[in-house]
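Bear in mind the structure is a predicted one, so any value in this text is a computation, not a measurement. Chain letters run A, B, ... following the sequence lines, proteins first, then strands; residues in each count from 1.
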Amino acid sequence: MQKISIPWIVVFAHMFIILLLPLAALMLRAIVLNPAEFWALATTPIALSTYNITFGTAAIAGLVNMLAGTLTAWVLVRYQFPGKRFLDGIVDLPFALPTAVAGVTLATVYSQSGWLGQFFTPFGIQIAFSRVGVAIAMIFVSLPFVVRTVQPVLQEVEPTVEEAAWALGASRFQTFWKVILPPIIPAILTGTAQAFARAVGEFGSVVLVAANVPFQDLIAPVLVFQRLEQADIPGATVTGLVLLLISLMLLLIINLLQAWGRRYDA
Amino acid sequence: MTLNLDTHVPAVEPEIRPQAPQDWVKIGLIVLVFAFFAVILIVPVIYVFVGAFSNGLPGFLRTLSSREFLNALKLTLLAVVVAVPLNVIFGLCAALVIARKSFRGRTFLLSIIDLPFSISPVVAGLMLVSLYGRQGLLHPVLQTLDLRIIFAFPGIVLATILGGMPFVAREVIPVLEEIGDEEEEAARTLGANGWQTFWRVTLPSIRWALTYGIILTTARAMGEFGSIAIVSSNLIGRTQTLTLFVDSSYRNYDSQGAFATAVVLAGLAALTLVIKQVLEHFYSQRYKAK
């Protein structure tokens with residue numbers, strides 16, 4: 001009996017001290033504010049614009065990753081080509097690379113005279129220190145999700161099923177749309193939701209790439225940081241709690257999507 | 001229920017498969033993927049190395065031998081040394097509990113352990129400030145004990161532990177579930193106590209997953225930024241970690257210094273991926289051998 005209790009104690013003590021106690025503290029600090037005050041702080045014009053920019057940009061990043069990630073998974077599963085192992089290996093790089101490193105390098109490479117930014121400057125497009133830069137940082141940090149959720153599922157789809165569709169006279173477009181796509185849709189949506197959730201919470205890379213100007217490219221996590229720096233603790237708490245609740249909601253959606261995906265395992 | 005229609009297909013297959021256009025589609029898609037990766041990932045990562053050596057090797061070495069860098073390195077390593085073992089012990093215990101016991105709320109416990117992945121690092125930092133900060137719930141207690149957590153080393157450690165909490169459990173649980181508990185059962189029947197069973201039977205079979213989990217935790221600990229930016233006062237030399245050093249050098253227009261530090265962190269990240277590939281290779285070899 002004793003060997004059971006030691007791991008349990010460790011698990012609960014660690015979880016309680018590191019995660020649950022601070023989580024409860026944040027919620028408690030928000031609850032002690034009266035509802036009117038809470039609502040006022042949560043819906044200041046700056047706060048509303050940060051939600052707008054955060055979710056709008058994260059949605060664009062999610063969409064780009066949905067398409068590019070599915071395509072990458074397809075190419076990695078179905079084709080043989082030189083550099084395949086290299087490509088497969090670097091997919092995980094955004095997870096391993098510290099976000100501050102991603103931030104400084106994206107800000108430099110996409111600056112007006114940077115390696116990639118210079119090609120957009122003649123067209124009057126500014127990437128770093130604008131919302132476009134925020135979108136690129138979000139795409140960068142959430143790039144592995146869709147690839148890594150779709151890849152194993154696509155591996156399970158038998159090429160023989162496709163061949164059967166061809167043999168029965170389906171066009172390539174029909175084969176993709178009606179045979180290949182349906183079983184991988186739950187994986188695509190799960191990966192996209194995970195990428196979106198990650199992009200919404202992203203701080204390190206965005207704070208360095210963006211100019212962090214309200215109404216232009218200031219995102220909600222950076223607003224929390226700025227409010228804390230200005231010792232506006234209630235303001236930071238309220239925005240932080242809004243972000244937390246949205247993360248929990250997204251987590252629930254992701255879990256439901258995963259459960260839906262498991263349907264195909266049977 | 002695999003749908004195997006192979007026997008019917010061969011006769012018609014060659015006519016139906018449009019070979020040449022297929023190749024163009026294939027090449028086009030591969031080029032598209034590489035172009036996307038180049039713009040988003042490859043070029044920016046290459047630039048980290050170029051930026052680090054923009055003042056040549058002497059400039060690079062000057063940064064790496066500066067006192068600010070060495071202090072930041074020391075602080076990061078200290079945080080890693082404290083945070084990683086605690087997270088590893090927690091992760092192992094959590095994995096054993098979740099994979100080996102059936103109890104109500106098992107899925108719920110799993111989601112709680114995963115929670116730090118879903119929470120924005122800024123919110124994680126804010127949680128710690130709400131508890132230990134100047135207006136935090138525990139502030140009176142900390143004051144009577146004369147303890148400082150926020151704007152000090154303990155805050156950095158707590159933030160680092162929080163960020164890396166789920167990795168080990170996540171890597172180890174699937175392996176424990178896959179290997180089942182027959183061998184552990186046998187060891188116990190033969191008279192091994194819990195500790196011996198864990199040390200001689202369980203641990204050897206999860207060692208690759210555990211190693212990978214430790215590597216991920218360590219990588220995350222070294223790269224932790226958002227939550228540390230919030231709980232640390234960022235006093236140079238006192239509570240500045242490597243990622244905060246990258247940030248502050250960059251903001252102070254010392255981009256060479258920022259990139260020199262970034263290259264150290266990127267090198268460690270690349271190492272993580274190489275070790276991952278090696279471990280996966282080992283694992284699949286062993287799997288095949290069975």
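Annotation: salt bridge (Lys or Arg N to Asp or Glu O under 4.0 Å) contacts of A/Arg198 (sequence neighbours excluded): A/Glu202.
One side chain, B/Ser248 or B/Gln240, offers a donor N or O that lies under 3.5 Å from an acceptor on the other. Looking at B/Asn87 and B/Thr217, their side chains never bring a donor and an acceptor atom within 3.5 Å of each other.
When heavy atoms are compared at a cutoff of 4.5 Å, A/Leu76 does not approach chain B at all. Neither the backbone nor the side chain of B/Arg220 has a heavy atom closer than 4.5 Å to any heavy atom of chain A. Heavy atoms closer than 4.5 Å to chain B are found nowhere in A/Val200, neither backbone nor side chain. Interface remark: A/Ile254 contributes no atoms to any contact with chain B (heavy atom separation under 4.5 Å). Heavy atoms closer than 4.5 Å to chain A are found nowhere in B/Phe117, neither backbone nor side chain. At a 4.5 Å heavy-atom cutoff, the contact between B/Phe103 and chain A is made by side-chain atoms alone. For A/Phe225, the parts lying near chain B are the backbone and the side chain together; criterion is any non-hydrogen pair under 4.5 Å. For B/Phe90, the parts sitting under 4.5 Å from any heavy atom of chain A are the backbone and the side chain alike. At a 4.5 Å heavy-atom cutoff, the contact between B/Val39 and chain A is made by backbone and side-chain atoms alike. With a 4.5 Å cut-off on non-hydrogen atoms, B/Leu273 touches chain A through its side chain but not through its backbone. The contact between A/Val75 and chain B is made entirely by side chain atoms (from C-beta outward), counting heavy-atom distances below 4.5 Å. Only the backbone of A/Gln80 comes within contact range of chain B, with at least one heavy atom under 4.5 Å from a heavy atom of that chain. In this structure, the portions of B/Leu86 lying under 4.5 Å from any heavy atom of chain A include both its backbone and its side chain. Only the side chain of A/Leu28 comes within less than 4.5 Å of a heavy atom of chain B; its backbone N, CA, C and O stay farther away.
Sorted by first and then second residue, the side chain to side chain donor-acceptor pair (under 3.5 Å) pairs involving residues 127-139 of chain B (not counting sequence neighbours) form an empty list.
Checked for salt-bridge contact, A/Asp88 and A/Lys84 miss the test: no charged N lies under 4.0 Å from a carboxylate O.
Close placement of the B/Phe259 and B/Tyr47 rings is indicated, their centers lying within 6.0 Å of each other.
If you tally non-hydrogen atom pairs under 4.5 Å between each of B/Gly223, B/Pro116, B/Pro44 and chain A, the highest count goes to B/Pro44.
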